[in-house]
Amino acid sequence: MKKNTRIFSILLAMLFLFNLTAFAQEVPAYSVEGFETVDADNNRITTGRDATSKTAIASASKYEVSQVGAEILSKGGNAVDAAVAMGFAQAVAEPFTNGPGGGGLAVIHTAEGENIFVDFREIAPKAATLDLYIDAEGKSNGKTMTGGLASGIPGDVAGLLFMLENYGSGDLSRQEIMEPAIRIATEGLYVSTYAANAITDAYDKATTFPAMQKVYWDENGLPLEQGVILKNPDFAKTLALIADKGKDGFYKGEVAQAIVDSLAMYEGVMTLEDLAGYEATAKEPVSGTYRGYTLLSSPPPSSGGTILIEILNILENFDVSALKVNSPEYIHLFVETFKLAYADRAQYMADEAFADVPIDGLTNKEYAKKRSEMLDLAKAQSFTFDDPTLFEHVDTTHFSVADAAGNCVAITKTINYYFGSGVMVDGYGFMMNNEMDDFSTNPESVNKVEPGKKPLSSMSPTVVLDPEGKPFLVLGTPGGARIFASIAQIISRVIDHKIPLHDAISVPKIWNNGPANNFQYETPLKGYEDYAITQETVDALTAMGHDKIGTAASGAVQAIEFLEDGTLYGTADPRQDGKAVGVE
Ligand code: GLU
């Protein structure tokens, strides 16, 4: 009897093991034409994400979207044409991070040397007053985060069309530019491991906002799984309306009405007038230098570019290249620098139409020198803001495109959190943003909620020019308030340590959450264990006074480098589903 039981257990175990193996073989890793993002052990695949070209290159966090960019470039479109086509396609391919219900920021550097910042950030609706977002005790009531009040007036469609009309080649029609996005929405695309996780994690959101289920759940009432095809005919219809009628196809008429109605079902106050009044705008990027390289990035309504420049200005006062990447001394220097810069961000950064932002002071080298002198290389500190006005004279998903003529476009687009506010525009297939959560509900904050104001962003689409003024890097990443800290690390690794671009992106990064004494670090991707932040390193940092140290993963940098021989090198972050595609 006992023996029989044992045999039975062994048989059962064998059957279980067989099933596991069969399961591992049956479920294919996410794959588009042989492109896989995870291996059989579910490790992110870090190789094969790059491409080179003598002509033009596109890099998005979805391989299919880089292919769209290359398709438009091959048809003779310029980098802006490609970026706009990618913008619409990315909305379909990664609908939980960006889309018509959201907004974004872009930096364009033209072959003629013109630098343009395009602002298509969401705007607080006219009726969105602070009292709607706080409870009787003055605390946040959570309505900046989910439901109809969480959405700012979306800028995505206006921004993409503004870029096409003003900076596109003029050789390709709006219909030709939008055709790939409409094709992907109609024919569908594979749900990747990454997307399947996002859809599963949004289970509660889809239960609260059932219109989401029509797009993201299957006929059995379960979240879509990896490997299935996601089609979105409602979204294809919306895109066709925009292709046909332009901006008015979205901001007026049936789509506008559907946005207002969908938000109103969940307490939304956005009106048809709010939507009809939305305009994208352009101005100069914020600029600075790092060791002779020029930085062009996002001014307000983003904190990103300004604080990126402040961080790099502070770092310039130290011999960063002498420090081993991710050693205790290196991490200490970066974290202390981040704390100094985040303190200034919290105090000064907001929509310039509502606040005096001392940009010249914050990006001033002397101010950074003064800040750098507060830094103790042996001891962790907490910092408060300083007074940059004394130095005044007179800143999701990211994709990058560049062509050999020297036209570069860096675009970061978002609906803020995954699946934004949870409100799906019913019948039109896209999600509304929760960008109102980028405001502060503290009435004392420079970034407090105010009608007509743009919430403070951290998005930092960035172009770096070499010391001769020629394009060198085009880059950006999602990651909320960690964005500019990530970009600073990549730029420093490439310039200070001469680490090849793809490795610079893949090596574990660090962040902190503000001026206070805390920070987080990434665990290494497979192949990057040499750069791991080990327990020994954490202990050394703890001994220097660092506190509240934790692990967190964030960001997906899509970047392009202009190599010395004129070749364009593009690469995509292995943390997501991207791969660069070059034009023959
Ligand atoms: N809403 C954020 C911002 O504008 C971006 C969100 C993200 O990167 O995931 O800064």
Side-chain angles (χ1 to χ4, degrees), residues 60-62 87 90-91 94-99 101-107 117-124 144-146 150-156 159 194-195 197-198 201-202 205 280 286 297-308 341-342 345-346 349-352 395-400 410-422 431-440 445 447 449 453-462 475-488 490 509 511 513-514 520 552-558 573 575-576 578:
S61 64
K62 291 296 282 184
Q90 185 72 7
E94 211 179 84
F96 49 93
T97 65
N98 79 113
L105 306 174
V107 169
F117 168 72
V118 183
D119 174 1
F120 49 108
R121 182 68 165 166
E122 297 89 332
I123 299 174
T144 56
M145 192 63 126
T146 48
S151 299
I153 307 162
D156 191 273
Y194 173 69
N197 287 338
D201 289 348
K205 224 173 206 179
V286 64
S297 193
S298 48
S302 181
S303 57
T306 306
I307 302 300
L308 169 69
Y342 275 89
R345 174 183 186 269
M349 299 302 302
D351 183 351
E352 277 184 300
D395 181 354
T396 313
T397 183
H398 177 87
F399 49 94
S400 299
I411 301 190
T412 312
K413 271 175 14 121
T414 187
I415 53 173
N416 202 16
Y417 283 74
Y418 282 177
F419 299 96
S421 62
M431 303 297 305
M432 290 302 294
N433 70 82
N434 61 347
E435 225 67 61
M436 294 298 287
D437 198 59
D438 277 355
F439 280 119
S440 170
S445 169
N447 182 37
V449 179
K453 186 179 183 180
K454 293 178 177 173
L456 183 65
S457 173
S458 298
M459 294 187 288
S460 316
T462 299
L475 76 170
T477 180
R482 296 161 168 182
I483 290 174
F484 47 86
S486 298
I487 300 295
I490 310 296
K509 300 187 294 297
W511 303 278
N513 274 350
Q520 291 136 24
S554 170
V557 181
Q558 273 58 245
D573 199 314
R575 294 166 184 85
Q576 291 187 8

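Every number for a ligand or one of its atoms is a count from 1 in the order of the listing. What you see is a predicted model; the values in this text were computed from it and never measured.
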Give the atom numbers and elements of ligand 1 that come within less than 4.0 Å of a heavy atom of Met459. 3 (C), 4 (O), 10 (O)

Side-chain heavy-atom pair Pro154, Met432 within 4.5 angstrom cut-off: yes

Just to be sure I read this right, does ligand 1 sit under 4.0 Å from the backbone of Lys413, its side chain, both, or neither, counting only heavy atoms? neither

For Asn434, is there any backbone N or O sitting under 3.5 Å from a side-chain donor or acceptor partner on Ser151? no

Can any side-chain N or O of Asn447 pair as donor or acceptor with the backbone N or O of Asp438 at less than 3.5 Å? yes

Closest approach of Ser460 and Ser458, non-hydrogen atoms and distance? OG-O, 2.8 Å

Please work out whether the ring planes of Tyr418 and Phe96 are parallel, tilted or perpendicular, with thresholds of 30° and 60°. perpendicular

Within the structure provided, determine whether Val557 and Asp573 are in side-chain contact (heavy-atom separation under 4.5 Å). yes

Can you tell which part of Asp438 has a heavy atom less than 4.0 Å from ligand 1: side chain, backbone, both or neither? side chain

Report, in ascending order of atom number, the atoms of ligand 1 lying under 4.0 Å from any heavy atom of Pro478. 8 (O)

Contact region, Thr414 to ligand 1, non-hydrogen atoms below 4.0 Å, reads side chain

Ligand 1 contact on Ile483 by region, counting heavy-atom pairs under 4.0 Å: side chain

Carboxylate-amine/guanidinium contact Asp351 Arg121, below 4.0 Å: no

Enumerated ligand 1 atoms positioned under 4.0 Å from heavy atoms of Gly479: 7 (C), 8 (O), 9 (O)

Which residue and atom name correspond to the protein heavy atom nearest atom 7 (C) of ligand 1, and how close is it? Thr396 OG1, 2.5 Å

Mind checking whether Arg482 and Lys509 have side chains closer than 4.5 Å, heavy atoms only? no

What atoms of ligand 1 come closer than 4.0 angstrom to any heavy atom of Arg121? 3 (C), 4 (O)

Determine yes or no for a side-chain-to-main-chain donor-acceptor pair under 3.5 angstrom, with Thr477 supplying the side chain and Ala556 the backbone. yes

For atom 10 (O) of ligand 1, what is the closest protein heavy atom, and at what distance to 0.1 Å? Ser458 N, 2.7 Å

As an exercise, identify every atom of ligand 1 less than 4.0 angstrom from a heavy atom of Asn416. 1 (N), 2 (C), 6 (C)

Can you sort out which atoms of ligand 1 are near Glu435, meaning under 4.0 Å from one of its heavy atoms? 1 (N), 2 (C), 4 (O)

Could you tell me, atom by atom, which parts of ligand 1 come under 4.0 Å of a heavy atom of Gly480? 6 (C), 7 (C), 8 (O), 9 (O)

